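Data block below; observations after.
Everything quoted here is computed from the prediction, not taken from an experiment.
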Protein chains: 2
Amino acid sequence: MDAIDQKILRELRRDGRISNVALAERVSLSPSACLRRVQELERTGVIRGYRVVTSPEQMGRGFAAYVMVGLSSHTKSAQEGFERAMSVAPEVVECHNVAGAFEYLLRVESADLSEYKRFHTEVLGTQSHVHAITSYIVMGSPKDERAT
Amino acid sequence: MDAIDQKILRELRRDGRISNVALAERVSLSPSACLRRVQELERTGVIRGYRVVTSPEQMGRGFAAYVMVGLSSHTKSAQEGFERAMSVAPEVVECHNVAGAFEYLLRVESADLSEYKRFHTEVLGTQSHVHAITSYIVMGSPKDERAT
DNA sequence: GGTGAAACGTAGGCCGT
DNA sequence: ACGGCCTACGTTTCACC
């Protein structure tokens, strides 16, 4: 992976649907040479795929919170049960297993605070082994490279 | 936004570079009708853009941590100074302003723990008004819809 | 929402360096 | 091993029904 590959990735991060000819021009390469590089990045797994980015507000996900969850049981089955519940909950967009004072850090997205409250009581509150729940409501994101 | 639009977005989330003809077939529409819908979603801002997804490991970002930061000063200038520092730090991929026991929640990505330690001491440690730093190292992410 | 046709882009073989 | 050229084929896009 040289400087040209980095440049290609930078452009594809800006616009993942740029045509190969336009991309080639931006990185000062012929279309065929550019395409071969992109295909090699895809083949070796550096490029995992491409996806659309949608507006959270217009998708009914204008409200976001980070939630720290502590479990009372540290057994494999307790963890698997919790992770399964999170994977089927549509509001949970991220579930990270972290090392520290609690076990899980979630990112939860919903339409508004009242919908979040519903998730909090009806989904998290009904989970067994959930020992502690602490919510941090996102008031703003001065930087968010994953969503841009 | 009807059911077909939802279906279009679902497919574009799976593969943001799918050709319009293939997308049209998947949502049972003619290519032109499908294209008009996609263009309308782009025009109204539901679709913000498209981007490539890269492998964190191969990009030298196999290590991730969430960092809670408390500031000792809650003035506008103290916040702006901190946010500016985060926006220029390449390791910081997310910086959220949250409501709770601390002010900021960061997602930091680096090659490994030693590189993270360098960030911790040389970037966070040198910031004025930073009062408390608590790191949560990500051991795994059973769900991560933002990155997939 | 569908059809058709022109403009455009993709992708792979081939050759030179 | 890598870049540029050429070309057949597929896709995008738009006026029109």
Side-chain angles (χ1 to χ4, degrees), chain A residues 1-61 90 111 145-148, chain B residues 1-62 90 109-112 115 144-148:
Chain A
M1 258 230 305
D2 60 5
I4 299 177
D5 285 337
Q6 304 275 10
K7 220 170 165 184
I8 287 173
L9 292 175
R10 198 149 18 93
E11 291 300 328
L12 287 176
R13 230 167 254 133
R14 210 183 41 79
D15 177 10
R17 281 204 84 143
I18 188 174
S19 78
N20 184 57
V21 297
L23 179 60
E25 199 185 347
R26 276 178 171 276
V27 302
S28 311
L29 233 54
S30 73
S32 62
C34 182
L35 183 63
R36 273 195 297 262
R37 279 174 176 269
V38 172
Q39 288 175 335
E40 187 64 10
L41 290 169
E42 290 170 347
R43 200 189 60 75
T44 56
V46 175
I47 289 179
R48 284 239 177 113
Y50 306 86
R51 47 171 228 177
V52 71
V53 179
T54 52
S55 157
E57 291 75 19
Q58 301 206 47
M59 296 299 292
R61 272 139 180 272
E145 291 184 348
R146 296 182 109 203
T148 305
Chain B
M1 258 227 305
D2 61 4
I4 298 177
D5 284 337
Q6 303 275 9
K7 221 169 164 184
I8 286 173
L9 292 174
R10 200 153 10 99
E11 291 301 327
L12 287 176
R13 233 167 251 133
R14 209 184 40 79
D15 177 10
R17 279 205 86 144
I18 188 173
S19 78
N20 184 55
V21 297
L23 178 60
E25 200 186 346
R26 277 178 168 276
V27 302
S28 310
L29 233 55
S30 72
S32 64
C34 183
L35 182 63
R36 273 196 297 263
R37 278 174 176 268
V38 171
Q39 287 175 335
E40 187 63 10
L41 289 168
E42 288 169 347
R43 199 189 60 75
T44 57
V46 176
I47 290 178
R48 285 241 177 110
Y50 306 87
R51 46 168 239 202
V52 71
V53 180
T54 51
S55 158
E57 291 76 18
Q58 301 205 50
M59 295 300 290
R61 270 138 182 273
E109 291 181 358
S110 64
D112 50 35
E115 209 187 271
D144 195 347
E145 291 184 347
R146 295 181 110 203
T148 303

Next item on the list: State the CZ-OG distance between B:R36 and B:S30, to the nearest 0.5 angstrom.
Entry: 6.5 Å
Next item on the list: Could you pull out all residues at least two apart from A:D5 that satisfy salt bridge (Lys or Arg N to Asp or Glu O under 4.0 Å)?
Entry: A:R37
Protein and nucleotides 12-14 of chain C: nitrogen or oxygen contacts under 3.5 angstrom:
none

Check: Rounded to the nearest 0.5 Å, how far apart are CG of A:D15 and CZ of A:R26?
Finding: 8.0 Å
Notebook entry, point to check: Is there a side-chain contact between A:E145 and B:E109, using heavy atoms and a 4.5 Å cut-off?
Noted result: no
Next item on the list: May I have the distance from A:N20 (atom CG) to C:dG9 (atom P), rounded to whole angstrom?
Entry: 10 Å
Note to self: Looking at B:G60, is its backbone amide N or carbonyl O close enough to the side chain of B:E115 to form a donor-acceptor pair, meaning the two atoms are under 3.5 Å apart?
What the structure shows: no
Checklist line | Inter-end axis angle, the helix from C:dG1-D:dC17 to C:dT17-D:dA1, with every axis fitted to five base pairs (rounded, 10 degrees) | finding: 30°
Margin query: Going by the rule side-chain contact (heavy atoms from CB on, under 4.5 Å), which residues pair with B:L9 if we only count those two or more places apart in sequence or in a different chain?
Written below: A:T54, A:M59, B:M1, B:R13, B:L41, B:V46, B:I47
Note to self: Closer than 3.5 angstrom, by distance alone: can the side chain of A:R17 be matched with the main-chain N or O of B:G49 as a donor-acceptor pair?
What the structure shows: no
Notebook entry, point to check: Where along residues 3-19 of chain B does a heavy atom fall under 4.0 Å from DNA chain D?
Noted result: B:S19
Note to self: I'd like the 5' and 3' limits of the part of DNA chain D contacted by chain B, with heavy-atom contacts below 4.0 Å.
What the structure shows: D:dT11 to D:dC14
Margin query: Quick check against the 3.5 Å criterion: does A:R51 have a side-chain atom that pairs as donor or acceptor with the backbone of B:R146?
Written below: yes
Note to self: What's the separation between atom CD in B:E11 and atom CD in B:E25, rounded to the nearest 0.5 Å?
What the structure shows: 11.0 Å
Checklist line | From OG (A:S28) to NZ (A:K7), nearest 0.5 Å | finding: 5.0 Å
